[in-house]
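Below is one structure; the comments refer to it alone.
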2 protein chains.
Amino acid sequence: MTTSGPGEATIGDVAREAGVSVSTVSYALSGKRPISEATRQRIQSAVDRLGYRPHAGARALASRRTHVLALVAPLRVDVNVSVILQFVAGVVTRARSHDLDVLLLTNDDPHSLDRVASGSMVDAAIVMDVEREDPRLPELRAMRQPAVLIGLPDDPGPLACVDLDFVSVGRQAVAHLAAAGRRRIGLIGAAPTVLARRTSFAERLMRGYGEAVARLDAPALAVAAQGSRGGGISAVTELLEREPALDALVVHNELAVPGVVEALRRAGREDVALVLVCPADLVGSVPVDCDWIEVPGARIGEIAVDMVTAQLAGATGPEVRLLEPTVRAHRLNP
Amino acid sequence: MTTSGPGEATIGDVAREAGVSVSTVSYALSGKRPISEATRQRIQSAVDRLGYRPHAGARALASRRTHVLALVAPLRVDVNVSVILQFVAGVVTRARSHDLDVLLLTNDDPHSLDRVASGSMVDAAIVMDVEREDPRLPELRAMRQPAVLIGLPDDPGPLACVDLDFVSVGRQAVAHLAAAGRRRIGLIGAAPTVLARRTSFAERLMRGYGEAVARLDAPALAVAAQGSRGGGISAVTELLEREPALDALVVHNELAVPGVVEALRRAGREDVALVLVCPADLVGSVPVDCDWIEVPGARIGEIAVDMVTAQLAGATGPEVRLLEPTVRAHRLNP
DNA sequence: TTGAAAGCGCTAACAC
DNA sequence: GTGTTAGCGCTTTCAA
């Protein structure tokens with residue numbers, strides 16, 4: 001007697017084993033029509049006995065659903081990997097809870113999304129690292145499958161978007177510091193390459209910041225910083241030169257944070273108030289008291305999946321969702 | 001006239017448009033049999049005109065190949081995300097160059113690999129974050145599809161493995177320091193949770209270290225450290241208490257490095273020689289001169305893909321590949 | 001409540 | 001060098 005491993009049995013084998021027709025097995029498994037409890041059980045035990053697993057390709061061919069989501073993720077050096085991975089983790093976890101798997105596309109091949117979409121490898125797509133005038137937008141709009149952007153292009157058209165409201169992040173950071181009496185508020189922004197790509201979040205934060213300091217009649221003191229310790233040091237040095245009376249800093253560059261802290265210490269300027277914009281796991285390693293605004297990567301990834309599944313289910317709700325940020329305190333000795 | 005978007009046309013449409021049979025189209029596209037140049041061109045232009053893309057599910061059903069690779073990746077908090085992402089990037093990039101896509105599985109569901117494998121969603125699997133007695137090994141051995149482990153379990157059996165030779169890393173780090181006259185060599189290892197899981201690389205490095213210091217008749221001074229600035233500080237403090245004459249440190253914990261450097265500085269012990277074990281992008285942000293051994297994540301990911309494609313092609317080469325590490329110098333002012 | 005059978009779009013014999 | 005056609009394993013009418 002031959003015991004074949006799992007994945008060998010077909011729906012026909014199950015049907016024979018259970019003494020029913022293939023359609024009955026199919027319906028029993030999908031629940032798309034009522035099946036008597038007795039047959040349901042016979043089928044289930046046949047499935048277990050044979051280790052039956054539906055063949056994904058056959059199912060996709062017949063039903064036109066793959067149960068796979070494309071995740072277009074950047075993996076660019078200048079974007080903080082821990083942020084990326086938070087988004088990815090959120091997407092993958094939530095996708096599984098919707099019974100979807102995730103096909104990971106990195107950006108090295110600009111047409112890979114087109115390839116997998118028109119090859120019917122995926123039911124939908126989630127796109128990260130969106131630029132203000134993202135070159136992928138035409139492709140995305142032409143897709144049969146729904147897509148959700150993580151980020152906010154200038155003209156999303158009918159595409160669904162979700163992100164932290166970075167304009168509000170900039171405003172709130174400034175407002176929070178102003179409320180604490182600060183008026184010389186600098187901004188250390190994303191890496192020059194990130195800004196050069198006109199990455200949507202980087203510019204939006206800067207816009208919010210710019211508006212807010214203007215309303216305060218405070219000087220706009222924004223610099224881009226390389227995502228490194230050295231980048232943080234240079235940025236602080238430059239800002240202190242431009243404005244020696246600097247009394248606060250908004251830092252939107254996770255990798256530069258250690259350098260920023262170090263430079264302030266060396267300059268004897270621990271009095272400069274800090275608002276960090278970063279993921280939750282990063283703030284824990286910051287060695288000074290400060291305030292921070294969370295970039296909730298995992299949460300945004302989850303929402304993106306929820307939006308995409310809603311679209312798959314035919315819903316047509318609000319197209320753009322921006323999460324409201326909150327300023328929180330980070331204290332070494334609570 | 002209706003211009004339908006890409007992904008609507010079938011191979012039958014192409015065949016009609018080009019005035020040939022479907023099999024000719026199929027063979028022309030796959031190159032699996034000689035086609036006259038003339039027909040090849042007619043077919044190609046029909047493909048272009050119609051925007052034809054083969055339906056992945058149909059292809060998988062007929063050919064029993066999905067051209068998809070499962071990547072089982074951890075995304076565990078205690079493992080450095082930048083290391084993980086290097087592996088992932090290596091895998092995805094190399095996979096694409098073999099015309100494979102990557103289905104990303106995270107570990108939250110232990111049976112997901114079984115699910116996608118027996119559901120014929122993937123042709124092969126690459127598994128990261130391998131433990132010495134990994135609970136997934138039985139599943140992996142039962143799979144129809146080939147698998148490659150990144151890491152080295154105690155008993156890999158017939159499974160292919162690839163990793164940096166961490167035993168050698170430990171030995172070389174010690175040998176290098178010993179050659180520089182150091183005899184009180186500490187080891188700051190992976191996070192306690194990583195060790196508790198018996199993660200293969202962590203223990204192998206420790207073994208190499210232990211053997212090497214024993215041969216020197218030097219004391220074994222190993223501690224686990226939390227992956228954080230605080231973890232690095234505590235580890236240094238503890239080691240300096242145990243051995244005030246400490247003159248060298250091997251650090252195999254990326255996230256603890258800043259704390260280690262800081263603690264040594266505060267203790268006035270900048271004379272302690274350092275060998276860091278970390279990915280290349282991390283060493284750049286280390287603010288002191290030291291030596292380091294690269295963990296070539298991307299390279300290992302690439303090799304894993306090459307091994308898996310070799311297996312798909314029917315090869316049966318060397319089962320376990322361990323990359324030889326090299327000690328290099330990191331100098332702030334070269 | 002169940003079954004029979006027609007596809008889904010492609011590959012790969014098997015023909016010529 | 002090219003065409004015909006029988007599957008691949010599933011879903012989903014249509015019929016009972």
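In terms of the ring-ring contact (aromatic ring centres under 6.0 Å, His included) criterion, B:Phe87 has no residue partners (sequence neighbours excluded). Under the side chain to side chain contact (heavy atoms under 4.5 Å, CB included) criterion, B:Arg16 pairs with B:Asp13, not counting sequence neighbours. A search for salt bridge (Lys or Arg N to Asp or Glu O under 4.0 Å) contacts involving B:Arg42 returns nothing, not counting sequence neighbours.
Residues B:Arg132 and B:Asp155 are not paired through a salt bridge, judged by the lack of any N-O separation under 4.0 Å between the basic side chain and the carboxylate. For the pair A:Glu8 and B:Arg64, the salt-bridge criterion is not met [side-chain N within less than 4.0 Å of a carboxylate O]. Ionic pairing of A:Arg115 and B:Asp101 is present here: one or more N-O contacts between side-chain nitrogen and carboxylate oxygen are shorter than 4.0 angstrom. Ion pairing between A:Arg197 and A:Asp129 holds under the 4.0 Å rule for side-chain N and carboxylate O. Checked for salt-bridge contact, A:Asp134 and A:Arg198 miss the test: no charged N lies under 4.0 Å from a carboxylate O. Here A:Glu139 does not pair with A:Arg136 in a salt bridge; the nearest charged N to carboxylate O distance is not below 4.0 Å.
Each end of the helix from C:dT1-D:dA16 to C:dC16-D:dG1 yields a helix axis from five base pairs, and these two axes differ in direction by 30° (to the nearest 10 degrees).
Taking every nucleotide of DNA chain C with any atom under 4.0 Å from a non-hydrogen atom of chain A, the first and last of them, 5' to 3', are C:dT1 to C:dG9.
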Q.
Can you build the contact string for nucleotides 9-16 of chain D? Use B for base contact, S for sugar-phosphate-only contact, and - for no protein heavy atom under 4.0 Å.
A. BBBBBB--
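Under 3.5 Å, the side chains of A:Arg144 and A:Ser120 contain a donor-acceptor pair of N or O atoms.
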